Number of protein chains: 2
Amino acid sequence: MKLLRMRLREDSTLRRTITMRVTIEDIAKKAGLSAASVSRILNNTGRFSEATAKKVRAIADELGYYKNRSASDLASHTQTTLGVINYPAETDSNFHVIRGITEQARQSDVDVLIMIAERDDQTAIRKVVEDLIERRVFSILFLSVHPDQAIIDLIKRAGIYPQEVASAYALDLSYVSSNDYQMGQLATRTLIDKGYSRIGFVGADPEKDIVGTQRFAGYQAALKAAGITYRPEWLFVGDGKYSYQSGLDAVPYYTDNADVDSVFATSDDGALGIINGLIDRDGAFTHQWGIISTDGSQICEQTRPKISSVTQDFNLIGRMAVDEAVRAITDLPKEKRQIDVPFRLELRETTPAK
Amino acid sequence: MKLLRMRLREDSTLRRTITMRVTIEDIAKKAGLSAASVSRILNNTGRFSEATAKKVRAIADELGYYKNRSASDLASHTQTTLGVINYPAETDSNFHVIRGITEQARQSDVDVLIMIAERDDQTAIRKVVEDLIERRVFSILFLSVHPDQAIIDLIKRAGIYPQEVASAYALDLSYVSSNDYQMGQLATRTLIDKGYSRIGFVGADPEKDIVGTQRFAGYQAALKAAGITYRPEWLFVGDGKYSYQSGLDAVPYYTDNADVDSVFATSDDGALGIINGLIDRDGAFTHQWGIISTDGSQICEQTRPKISSVTQDFNLIGRMAVDEAVRAITDLPKEKRQIDVPFRLELRETTPAK
DNA sequence: ATGAAAGCGCTAACAA
DNA sequence: TTGTTAGCGCTTTCAT
């Protein structure tokens with residue numbers, strides 16, 4: 001067992017030191033065995049006697065041995081790692097998704113590498129993707145991150161299965177998420193059922209991404225089914241980013257331009273913005289409009305009034321994404337796959353009957 | 001270049017397949033060079049002619065070559081990976097920290113592995129830590145995750161530098177975070193300066209963790225400095241987890257037990273809870289109490305009224321943690337290090353002069 | 001400027 | 001049940 005700390009040269013910025021650590025050889029020597037036997041024992045593979053096993057495990061423990069994954073992976077051609085690329089935002093639900101991913105991954109005995117990239121920064125995304133390819137992950141999951149076609153091609157070419165999770169964006173990428181069309185439909189129908197008829201649509205851009213397109217389509221379908229004629233001034237895109245700000249800005253917009261009696265906010269943040277916009281305008285919230293949002297994060301419980309929502313099961317989305325990824329190990333889907341995860345309606349205080 | 005897909009056996013649950021991929025050998029062969037030369041070129045190390053380099057790079061590209069990190073790390077003894085263990089919560093500021101870490105890491109040319117564990121689940125934490133050790137990270141950063149002493153010992157024994165980031169919890173772990181004592185002092189002094197004198201302390205447990213202890217100590221010091229005698233009924237711990245709920249519960253508590261005129265909430269969530277608790281009690285917010293919180297996340301801007309806060313620079317905290325970790329590569333600190341990152345006061349609407 | 005050779009730490013046949 | 005051997009794909013002396 002060598003424990004010297006040494007320096008390596010590197011032409012780039014930094015020099016890194018490494019510590020030589022306990023190897024399987026050290027254990028073998030100390031136990032009077034071969035490395036192979038130690039390997040078998042430590043990995044619970046092949047056959048060996050409990051007696052020697054006990055001894056070996058004791059020595060490993062005593063020496064503070066940890067397998068060198070690089071060596072192990074290299075020798076065994078094993079890849080049990082799942083890559084996740086996340087765009088972390090202040091209020092987001094990805095953490096639920098990540099929890100789900102982590103939980104399911106543990107059960108499926110794969111481990112998870114999470115890396116960060118900005119939503120649309122293709123250079124950064126590419127860098128992270130390449131890192132993940134070098135690490136030989138078997139699948140890459142994108143959470144709120146939108147790689148362009150070139151990057152997707154590169155991933156596929158590397159034999160890795162890419163998926164979008166919790167947000168279908170575009171392109172030929174498989175995804176696991178709620179069905180946005182149906183969510184839009186349900187939200188809108190709920191408002192209609194409560195007696196509202198002039199319904200604003202806030203925060204998503206029907207032209208920009210699939211989520212927006214689908215939710216908007218569902219919204220229109222519900223309108224039509226109820227015999228309500230859609231009016232273009234009911235649409236308020238704002239920054240089109242499902243943001244708090246777009247909700248805030250929607251209030252003066254509708255006040256000036258459209259006589260809506262209710263609003264379908266395409267995010268909880270947007271709904272919060274609308275509530276605050278109303279308070280800012282009127283001095284207090286007066287149930288001026290019915291409001292329903294999508295997502296159903298805890299924000300909905302923490303506003304006054306509490307926000308009614310079409311609630312997604314982000315944890316389940318994460319879990320199912322892992323299942324998909326694991327399944328893809330054995331048979332890589334040729335086609336783009338679309339997995340719809342169930343959602344539900346939660347009526348709270350912003351949708352009183354009219 | 002072999003591209004066969006093959007199956008490996010494994011005694012555990014799953015069988016994993018792997019795809020043999022383009023190797024440096026393939027490139028070497030195609031270029032009529034040795035593997036060594038290709039390696040040098042691709043890593044920009046040693047000497048070679050631009051002419052051959054160009055050719056090699058073209059071939060690598062054409063073949064879709066990606067370095068196998070396992071092989072590379074194994075051969076070069078290089079470790080350039082930083083491990084982060086995060087506990088992701090619904091409303092948390094860790095994403096800011098993680099952003100900071102990621103940004104700084106890119107500049108320092110290290111890459112970051114993020115893994116998830118529950119706050120106090122020592123079994124899960126241990127598992128994740130061991131995974132990181134196997135991957136030979138040079139440092140492990142804990143975000144809102146609290147390893148016990150056994151785990152810390154194990155990390156140190158492995159020659160890895162552990163740090164707590166954005167929350168000093170206990171034990172002999174180095175940390176990078178805001179100075180909680182000073183934050184508590186500033187928050188309290190601010191309230192006093194505005195004319196308040198009966199000041200509640202909500203959400204942290206002064207007995208349980210360092211953050212609570214320190215903020216409470218700062219709070220008491222400020223009280224004392226102003227000649228105000230602390231009264232025990234001013235303390236409301238609630239669940240002691242800096243939660244929304246503890247704020248919500250604080251309102252009936254104070255209403256029944258203590259005649260405070262203001263509250264120092266030890267988190268933004270707690271402050272939000274207090275506001276909502278007041279609304280729930282009175283039907284509307286009536287500036288009954290002055291309120292100040294710590295953290296200064298966007299929640300503070302998204303309530304009505306907006307919450308005054310002692311705001312932390314989470315991004316900077318993340319960046320500094322990386323700096324510390326990188327520094328520790330070359331000289332591992334013998335002592336526990338404590339890095340204080342500056343914070344600032346942001347007055348909004350919940351602290352009108354009394 | 002390039003190649004040959006050794007080896008990183010581990011796993012996986014195959015023998016014994 | 002255990003040992004021997006031969007790599008995994010790459011980097012790094014050291015020659016040339």
Side-chain angles (χ1 to χ4, degrees), chain A residues 1-2 4 6-11 16 18-29 31-56 60 63 65-80 133-136, chain B residues 1-2 4 6-11 16 18-29 31-56 60 63 65-80 133-136:
Chain A
M1 163 172 57
K2 328 127 225 183
L4 67 163
M6 57 191 239
R7 295 178 138 275
L8 308 213
R9 78 220 71 25
E10 219 176 287
D11 45 328
R16 307 198 198 308
I18 80 122
T19 59
M20 298 300 242
R21 300 267 305 298
V22 188
T23 76
I24 223 173
E25 274 296 346
D26 299 319
I27 297 175
K29 213 164 295 168
L33 284 171
S34 71
S37 298
V38 175
S39 173
R40 267 180 241 116
I41 290 166
L42 261 22
N43 291 302
N44 243 293
T45 196
R47 18 187 92 274
F48 50 83
S49 78
E50 243 334 293
T52 45
K54 204 155 292 169
K55 190 170 61 178
V56 165
L63 260 36
Y65 169 81
Y66 288 95
K67 160 195 299 199
N68 181 327
R69 283 278 285 244
S70 292
S72 170
D73 286 354
L74 183 60
S76 67
H77 302 269
T78 288
Q79 50 180 181
T80 55
I133 295 179
E134 289 185 356
R135 288 174 193 274
R136 300 294 187 261
Chain B
M1 160 170 58
K2 329 125 221 185
L4 67 163
M6 56 189 240
R7 297 177 134 274
L8 308 213
R9 80 220 71 15
E10 218 176 285
D11 48 326
R16 309 196 197 311
I18 82 123
T19 59
M20 300 298 244
R21 298 270 303 297
V22 188
T23 75
I24 223 173
E25 273 296 345
D26 299 319
I27 297 174
K29 214 164 295 170
L33 283 171
S34 71
S37 297
V38 175
S39 173
R40 266 180 241 116
I41 290 167
L42 260 23
N43 291 303
N44 242 295
T45 194
R47 22 187 91 269
F48 49 83
S49 79
E50 246 331 297
T52 46
K54 204 156 293 171
K55 190 170 58 172
V56 164
L63 261 34
Y65 171 81
Y66 288 95
K67 163 196 298 202
N68 180 326
R69 282 280 282 245
S70 292
S72 169
D73 286 354
L74 184 59
S76 67
H77 302 271
T78 289
Q79 47 180 183
T80 56
I133 296 180
E134 289 185 357
R135 288 175 193 274
R136 300 295 187 259

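Letters go in sequence order (proteins before strands), and every chain restarts at 1. All values derive from a computational prediction rather than experimental measurement.
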Undergrad: Roughly, in whole Å, what's the span from CG in B:Asn68 to P in C:dG9?
TA: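 Going from CG in B:Asn68 over to P in C:dG9 covers 16 Å.
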Undergrad: Determine: side-chain N/O of B:Ser39 to OP1/OP2 of D:dT11, distance under 4.0 Å, yes or no.
TA: yes
Undergrad: Measure CG/B:Leu63 against P/D:dG9 and give the value in whole Å, please.
TA: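 The distance from CG of B:Leu63 to P of D:dG9 comes to 14 Å, rounded to the nearest Å.
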Undergrad: Taking atom P of C:dG7 as reference, at what distance in whole Å does atom CG of B:Leu74 sit?
TA: 14 Å
Undergrad: Would you indicate what B:Thr52 reaches in the nucleic acid, counting non-hydrogen atoms under 4.0 angstrom: base, sugar-phosphate, or nothing?
TA: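 Sugar-phosphate contact only.
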Undergrad: Could you state the atom-to-atom distance from CZ of B:Phe48 to P of D:dT16 in whole Å?
TA: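 Nearest whole value for this atom pair: 24 Å.
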Undergrad: Could you say whether B:Gly32 or B:Ala71 is positioned toward the 5' end of DNA chain C, judged by the nucleotide with the nearest heavy atom to each?
TA: B:Gly32
Undergrad: Mind calculating the distance between CD1 (B:Ile24) and C1' (D:dT12) to the nearest angstrom?
TA: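 It is 12 Å, rounded to the nearest whole Å.
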Undergrad: Can you tell me how far the OG atom of B:Ser76 sits from the CG atom of B:Asn43, to the nearest 0.5 Å?
TA: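 So the OG of B:Ser76 and the CG of B:Asn43 are separated by 8.5 Å.
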Undergrad: C:dT2, OP1 or OP2 - any side-chain N/O from B:Ser49 closer than 4.0 Å?
TA: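 For C:dT2, OP1 or OP2 has a side-chain N or O of B:Ser49 closer than 4.0 Å.
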Undergrad: Which one, D:dG9, D:dT2, C:dT11, comes nearest to the side chain of B:Ala75?
TA: D:dG9
Undergrad: C:dG3 base to B:Arg40 side chain: any donor-acceptor pair below 3.5 Å?
TA: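 Per atom types, the contact qualifies.
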Undergrad: Should A:Ser76 be listed as having a side-chain N or O under 4.0 Å from OP1 or OP2 of C:dC10?
TA: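 For A:Ser76, the contact criterion (side-chain N or O under 4.0 Å from OP1 or OP2 of C:dC10) is not met.
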Undergrad: Do A:Asn68 and A:Thr23 come within less than 4.5 Å of each other through their side chains, counting heavy atoms only?
TA: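 No, every pair of side-chain atoms sits at 4.5 Å or beyond.
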Undergrad: Among B:Arg69, B:Lys67, B:Arg21, which one satisfies side chain to side chain contact (heavy atoms under 4.5 Å, CB included) with A:Ile133?
TA: B:Arg21
Undergrad: Taking the nucleotide of DNA chain C with the closest heavy atom to each, which residue, A:Ser70 or B:Arg47, is nearer the 5' end?
TA: B:Arg47
Undergrad: Taking B:Ser39 for its side chain and B:Ala35 for its backbone only, find out whether a donor-acceptor pair lies under 3.5 Å.
TA: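 Checked: no pair found.
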Undergrad: Compare side-chain N and O positions of B:Ser34 against OP1 and OP2 of C:dA4 and report whether any pair is under 4.0 Å apart.
TA: no
Undergrad: Atom NZ of B:Lys67 to atom P of D:dC8: distance rounded to whole Å?
TA: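 From B:Lys67 NZ to D:dC8 P: 19 Å.
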Undergrad: So does A:Tyr66 get a side-chain nitrogen or oxygen closer than 4.0 Å to the phosphate oxygens (OP1/OP2) of C:dG9?
TA: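 No, because none of the side-chain N or O atoms of A:Tyr66 sits under 4.0 Å from OP1 or OP2 of C:dG9.
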Undergrad: Would you mind reading off the distance between A:His77 atom NE2 and C:dA12 atom C1', rounded to a whole angstrom?
TA: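 Taking atom C1' of C:dA12 as the reference, NE2 of A:His77 is at 9 Å.
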Undergrad: Starting at atom CZ of A:Arg136, determine the distance to atom P of C:dC10, rounded to an integer number of angstrom.
TA: 20 Å
Undergrad: Mind checking whether A:Leu42 and A:Tyr65 have side chains closer than 4.5 Å, heavy atoms only?
TA: yes
Undergrad: Is any side-chain nitrogen or oxygen of A:Ser37 closer than 4.0 Å to OP1 or OP2 of D:dG3?
TA: yes
